[in-house]
Each structure stands twice: as C-alpha cells, then as structure tokens.
Visitor: 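Structure incoming, see below.
Naming: A, B, ... by sequence-line order, numbering from 1 per chain. As the structure is a computational prediction, the values presented were derived from the model and not from experiment.
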Protein chains: 2
Amino acid sequence: MATIREIAEKAKVSPGTVSFVLNGKGDQMRISIKTQEKILKIAKDLGYLPSISARRLRNSEAINIPFITILWTLDTRASLISRFLQGLQHKTLFKSNQFEILIQPYENGKLSELESLRTGNKYNGAIIANASDKDLQYLDNANLKVPIVLYQRHSDKYSTVNVDSKKTGLDVASFLHIKGIKKVGMVIPNLSSQAVARRSQGFIEGIETLGMDNTIIKNGDFSEKGGYEAMEALIKASYPLPEALFFLSDPMAVGAISACHEYGVRIPDDLKIIGHDNDEQTPFTTPALTTVHLPVEEMANACVKQLMGQINQTISTPSNERFETKIIERKSC
Amino acid sequence: MATIREIAEKAKVSPGTVSFVLNGKGDQMRISIKTQEKILKIAKDLGYLPSISARRLRNSEAINIPFITILWTLDTRASLISRFLQGLQHKTLFKSNQFEILIQPYENGKLSELESLRTGNKYNGAIIANASDKDLQYLDNANLKVPIVLYQRHSDKYSTVNVDSKKTGLDVASFLHIKGIKKVGMVIPNLSSQAVARRSQGFIEGIETLGMDNTIIKNGDFSEKGGYEAMEALIKASYPLPEALFFLSDPMAVGAISACHEYGVRIPDDLKIIGHDNDEQTPFTTPALTTVHLPVEEMANACVKQLMGQINQTISTPSNERFETKIIERKSC
DNA sequence: TTGTACGCGTTATCAT
DNA sequence: ATGATAACGCGTACAA
C-alpha cells in the first residue's frame, strides 16, 4: 500500500534515498545511520510492499517476457496439474525462458468472476484447464482481452487442444467387444465436464451399436476413494457384476482394484477393469491396469505453443488441435 | 519488444490512439477504420506485446498484491508440487486473493543462476522447494533481495518449514524393532537431498542402536519404476531378502509391491514394506501400504504464512517451523 | 543526500 | 468526425 514517496514524505527525505536504503545500498550511498533507521522503521510501520510491476517496468533493460497463466479449478484432479507442468518441463520450453508461468485458481463455474480475463492486466494469455459447461457458456459470450486456449474442451470461438473423447468411448466399447465381452459397465465421476460427457456418450453409443449390455454407475468422486466406494457398492448389490468395468479416471480404477482384492473379486477373471489417463502408477497395480493413454504432456506443450503463437500474433485464427488417445493393454483387461 | 509509442510513431498517430485501437475501443473513440487497420497491422508486424507490468502499474487502483514464487527443480517428484498446491487450496489461502502464485523452475544445483533472487524484480518472496546441497551452500553465502522460505531443509540463516527427518528414520527403525524384526533394509533414491540423507542417517543409527541387521540399496530413481527395479534386483540376487524394507518414497514402494507380486514374494508374510510420504494412492495398494505421513499440505500452508509474514514485515527473524511425521500402519508392515 | 527523468500503457481533457 | 496532449502509477539511477 505504502509507496516509496509516502515513506520519503514521512521521513522528510527524498524518494531516492528511501529506495537506496530499502535496497541495502544505504551505506554505499553514505546515508547516515540515523536516516536509515528512520526509513526502515517507517517502512515497517507502513507495511511497505515494493511494487514488482514498477520494478519490472523500470529494470527491464531485459525483454518483455509474456506471462502465461494456467487457470485451474480447485476441484481439478491433482495429478492433472502435475502432469501438465511436467509436460512443460520437456522440450526445453521452460528452460528457454520464453514466458513465465502464473497459477490462477478459480472456482468451478465462476470463471466469469475473473476480472483479469477482461482487463488483461495480469497476464498475456491463459490456458483454461477444466472449464465447466457454465464456464464455457460464459466464454462463448464474453469479450476477453487476452488470448486463451482451452484444454480438453471444444469450442468454435477459441483455440483448443483436445482429444476426440467420443471416439475414445467408442474405442473402449469396441476393445471390449473384440474380447467377446457382453455385459459391461461404466463408472462416471459426478462432475460437469465436456470431456467426461463425450467419453460416456461414445461408450454408450458403442455399446448399443455392438449389442452389449450396459450398466452405468455415477459416483461423486474421481479419486481412488470414489472408485473404491463405487466398486464396493456394486459388489454388495444383489445383482451380479458385469464382465468388465470402464472407469473414467485411473485413480478410480486403482480404488476399484483395491476393493476387488478386499472382497475377493479376481481381476481379470471375475471382472475386467479398464481405466483412463495412463497415470504414472498404472503399470504398477496388481494386476497392471489396462487404461487409455491421454497425452497430457504433449497437450500441455501444444497449449503453450498455441498460446504463444496468439500472443506473438503469428497465429490469429482459432484452431482445434486434436491428439490421439490410445488403449494401453496390460493385465487387468 | 515494441511499445505503443513505437507503433504510434510508425503510424504517425499518438500513443493514446494506439492504445484505444489495440484495446478494441477504436470505434467507441471514433478512430477511423483506416487508422485502426494501419495500427493493427503495424502492431502485428512488430509483434507487439503489451507490458503487463505497465498495465498493472497504471490500473492498480486496486491494492498491490504480493507475488509469491515457488522455486522447484525440474527433477522434483511430480506428486510433491501437486500436493503442495493442494495444500494451498485449503484454508482459503488461495481464495482470499492475498497473493499471486508464480511457478519458477530451475535446474538442480543452479539456483545461483537465478538473477531474480538477487534483483527482486520478479516476486516479493520465494518458497524454495528442493534445494540441493550445492544450492544451500550458495544460499548460505548469498545476499538476496527477497525473503525466502526453505521447504524440507534446515538453515540457520533462513526461515524453514521442515520435519525432523532424522527422527523419522529413528521412528521407523523403532517401529520395525517393536515388531520383532531383525533383518531390515532401506532403499534410497540416488539424489542429493538433505531430507533423504537425514532420514537415512536416522534409520541407520536406529538400526545399529537396536542391534538389527541392515542392507542399504541405492537406486537412481524415486519413482515407481525405480522401486520396481530395485526390488527386482534384490529378489534376483542370491542372498535372502531381509524381513522388512523401508522405501524412502511411496512411489518406490508401490513399484516394489508390484515387483513382489510379479515374483511371488508375499507381503507382508515374506517381506514387509514401509513407504514414506503417505501419498493419496497408498491406502489402495494391495496390501495397503504402511507409510510415514509427511504433512505436505500443512507445510505448504506454513511456507506461505511464513513468507507472507516476512513480506509484510511482521516477521523479521528467521524461524524453523517443525512438523511431525507419523507412521500410518496399514497392511504391508 | 536531492531532484528528476525514465519505463509503458491508460484515460481524462482538450483541439481541430 | 478524428485525434492529440499530458498526467499518472511507482521504483530506479544518474547528475548535481
């Protein structure tokens, strides 16, 4: 709140003197001890906070490096952000110092409350990681000042980096069909997500086209715990288990495997399980988890490249970059 | 690189006009279409990048909010950063908008190359997540302009948020001793980390004091893969397995469990396993992993609070805040 | 020690 | 109808 000029006024010295003292150059500039102490005390009393913006503005003999922000919701799966950042580590994107990364959390559905997207006074571009349908609707009507890239979402207005989630669902259905499976199920985390919705839709469509039986289970939590509880409920229910279950996130599948061990359900003999994401831990479950590889790291890279292109004005029309998912067959299915 | 004034010069208009046009207020301000197009073209040709610093400086009728940066090495375990950020989500730290989070990666051992710690022109304070011994040595002699907090490290010069890693090692040794175990082993990731070194040291000391046998295995990788490979090598070696193994990270323990299943080593009957961190997945391994709970989330909070205190100048002397680890007993040991 | 110009974008006031 | 001028925000550094 307090500025150097305010401090200068109170201390009856010039702004320059205050700057020198606060930067530890007091002795070097031969400012008297008394003055220095006075200045330091006033700064402390006023809770002086140096303005980074002013410093940057002034000191930037260096180049003006763009700020990129990652907008992610507080309920985003933890592993996403870490894989996302890991993706940026490679390809020397980070090391090249072409941009700075800012993390901006926001509440699901409240993207509209983020003034900074409209004023553009916090970053040069934004990657929006997990927009809910409500947020997407806001974006469709909004007039933003900064370029954005949507991760794992579709849009006609903005650039996106995405996979064909519907195709993924179809692929999984087909994968199960080829194995001769007739009765299948899907466990869906209970959240408003375009990707999850399309994946489910594709799966259901595939199931129906291929003439298989389907059970859908909704569960509130995409974590290990959610998967465990969904699996437990299924086991305890009176009707028999399907032959295979598709979990829409790997942590859920991991939780489910645990529940199966607990209740004596053998995988893959009694029940086959397939997850989604190809998280780092999945080759090491018992049995190793068959899952859908989501190229998060590559997509993270693509997001940054897209965004940098827009920021540098070398890209002007929104593009939809699409990556391929791939089923990684291991032991669980 | 290019500024509004440069564009103005080339377009033979005033800076204000350029600003209006680039912000989409051209029509509103009744700037002629031709002028607008000219300005936009020049801006594009020059690759104009708005200076966020200048915007912030100008627009901040709002308060000056401190920037906090998280300095993390490119080889930091991925789960750390995600649990760290998760920790900040709670306690409404994030939501309160008291600060902004910047992510700054750096190469292990090259903290000294980060100019921003000395110039203070990028952030008001830094949390250093995984300083190597070399980095700590640099910090000990350095004269920084911004306050810092060290996570999981000890220092007499700076504030730290830490656990007693040596005590953790002792605790684990004692825990195993109480179970009547005589022959134990420890699998250590091969990296220069104060925390890992102290944990090992405590464990070895405990083992010796309690008169147990010890085997130490060094492995290059703290991931699931590293644990799997270490375990595989142990199983294939000619000498018999110890009764219990202490893995210095949970992912390693998860990998080891997988290897045990693969080779028919029964846990906990043939071999007991204890991990470290209490990562989210550990209750869901088979058998559930006994591990040491590291309160990452609480520590993350403490880091921010410490740092904010220093930034606001309400805290001036470095403090060492210490948290407790706790053994979470499950089925694997 | 002081005075002051500077870095850059914004915007209210003023001028054809 | 079209646009110019200049003050401002805040810390820094050079000349005096």
Visitor: Rounded to whole Å, please give me the gap between CG in A:Asn59 and P in D:dA13.
Guide: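 In whole Å, D:dA13 P lies 6 Å from A:Asn59 CG.
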Visitor: Is any side-chain nitrogen or oxygen of B:Thr35 closer than 4.0 Å to OP1 or OP2 of D:dG3?
Guide: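 So the side chain of B:Thr35 is within the cut-off, an N or O lying under 4.0 Å from OP1 or OP2 of D:dG3.
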Visitor: With no hydrogens and no angle check, just 3.5 Å: does a side-chain donor-acceptor pair link A:Asn121 and A:Glu115?
Guide: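 No pair is found: no donor N or O on one side chain lies under 3.5 Å from an acceptor on the other.
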Visitor: OP1 or OP2 of D:dG11 versus the side-chain N and O atoms of A:Asn23: is any pair under 4.0 Å?
Guide: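 No, because none of the side-chain N or O atoms of A:Asn23 sits under 4.0 Å from OP1 or OP2 of D:dG11.
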Visitor: Between A:Arg55 and D:dT12, is there a contact of a side-chain N or O with OP1 or OP2 at under 4.0 Å?
Guide: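 So the side-chain polar atoms of A:Arg55 do come within 4.0 Å of the phosphate oxygens OP1 or OP2 of D:dT12, strictly under.
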Visitor: Without hydrogens or angle criteria, can the side chains of B:Thr160 and B:Asn162 be said to hold a donor-acceptor pair below 3.5 Å?
Guide: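 Checked: B:Thr160/B:Asn162 side chains show no N/O donor-acceptor pair below 3.5 Å.
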Visitor: Using whole Å, report how far CG of B:Leu22 lies from P of C:dT10.
Guide: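 B:Leu22 atom CG is separated from C:dT10 atom P by 8 Å.
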Visitor: Tell me whether the side-chain N/O atoms of B:Ser19 come closer than 4.0 Å to OP1 or OP2 in C:dT10.
Guide: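 Answer yes for this pair, as a side-chain N or O of B:Ser19 is under 4.0 Å from OP1 or OP2.
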Visitor: For A:Phe20 and A:Pro50, find the nucleotide of DNA chain D closest to each by heavy atoms; which residue's nucleotide sits nearer the 5' end?
Guide: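 Nearer the 5' end of the strand: A:Pro50.
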Visitor: What's the CD-P distance between B:Gln36 and D:dG3, to the nearest Å?
Guide: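 Answer to the nearest Å: 9 Å.
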Visitor: Check this for me, if you would: do B:Glu100 and A:Lys122 make a salt bridge, where the nitrogen-to-carboxylate-oxygen distance has to be below 4.0 angstrom?
Guide: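 Yes, this pair counts.
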Visitor: Phosphate oxygens OP1/OP2 of C:dC8: is one of them under 4.0 Å from a side-chain N or O of B:Ser51?
Guide: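 For B:Ser51, the contact criterion (side-chain N or O under 4.0 Å from OP1 or OP2 of C:dC8) is not met.
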Visitor: Tell me whether the side-chain N/O atoms of A:Thr17 come closer than 4.0 Å to OP1 or OP2 in C:dT2.
Guide: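 So the side chain of A:Thr17 is within the cut-off, an N or O lying under 4.0 Å from OP1 or OP2 of C:dT2.
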Visitor: If I take atom CG in residue A:Leu57 and atom C1' in nucleotide C:dT10, what distance separates them, rounded to the nearest angstrom?
Guide: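 Going from CG in A:Leu57 over to C1' in C:dT10 covers 13 Å.
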Visitor: Round to a whole Å and report the spacing from CG of B:Asp27 to P of D:dA1.
Guide: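 Going from CG in B:Asp27 over to P in D:dA1 covers 14 Å.
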Visitor: Select base, sugar-phosphate, or nothing to describe what B:Lys34 touches, counting heavy atoms under 4.0 Å on all strands.
Guide: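 Touches nothing.
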Visitor: On DNA chain C, nearest-nucleotide positions of A:Gly16 versus A:Ile31: which is more 5'?
Guide: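 Result: A:Ile31.
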Visitor: Atom CD of A:Glu9 and atom P of C:dG3: how far apart are they, to the nearest Å?
Guide: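 About 13 Å, once rounded to whole Å.
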Visitor: So, is A:Lys25 close to the D:dA13 phosphate, meaning a side-chain N or O under 4.0 Å from OP1 or OP2?
Guide: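 Yes, A:Lys25 has a side-chain N/O under 4.0 Å of OP1/OP2 on D:dA13.
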Visitor: Any side-chain donor-acceptor pair under 3.5 Å between B:Gln306 and B:Ser159?
Guide: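 Yes - a donor-acceptor pair under 3.5 Å links their side chains.
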Visitor: Can you tell me how the ring of A:Tyr151 sits relative to the ring of A:Phe84, calling it parallel under 30°, perpendicular over 60° and tilted otherwise?
Guide: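 The rings of A:Tyr151 and A:Phe84 stand perpendicular, inter-plane angle above 60°.
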Visitor: The side chain of B:Tyr48 lies closest to which of these nucleotides: C:dT2, D:dG11, C:dG9?
Guide: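 Nearest to the side-chain atoms of B:Tyr48, counting from C-beta on, is C:dG9.
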Visitor: Any N or O donor-acceptor pair under 3.5 Å from the base of D:dG11 to the side chain of A:Arg5?
Guide: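 Side chain to base: pair found, below 3.5 Å.
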Visitor: What's the CE-P distance between A:Met29 and D:dA15, to the nearest Å?
Guide: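 Result: 12 Å.
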Visitor: Using heavy-atom distances to pick each residue's nearest nucleotide on DNA chain D, tell me which of B:Ala54 and B:Val13 is more 5'.
Guide: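 Its nearest nucleotide being more 5', the pick is B:Val13.
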Visitor: Side chains of A:Tyr106 and A:Thr73: any donor to acceptor distance under 3.5 Å?
Guide: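 Short answer, no.
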Visitor: Rounded to whole Å, how long is the line connecting atom NZ of B:Lys145 with atom P of D:dT12?
Guide: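 Value for this atom pair: 5 Å.
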Visitor: Where the side chain of B:Thr3 is concerned, which of D:dA1, D:dT12, C:dG9 is the nearest nucleotide?
Guide: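 Among the listed nucleotides, the one closest to the side chain of B:Thr3 is C:dG9.
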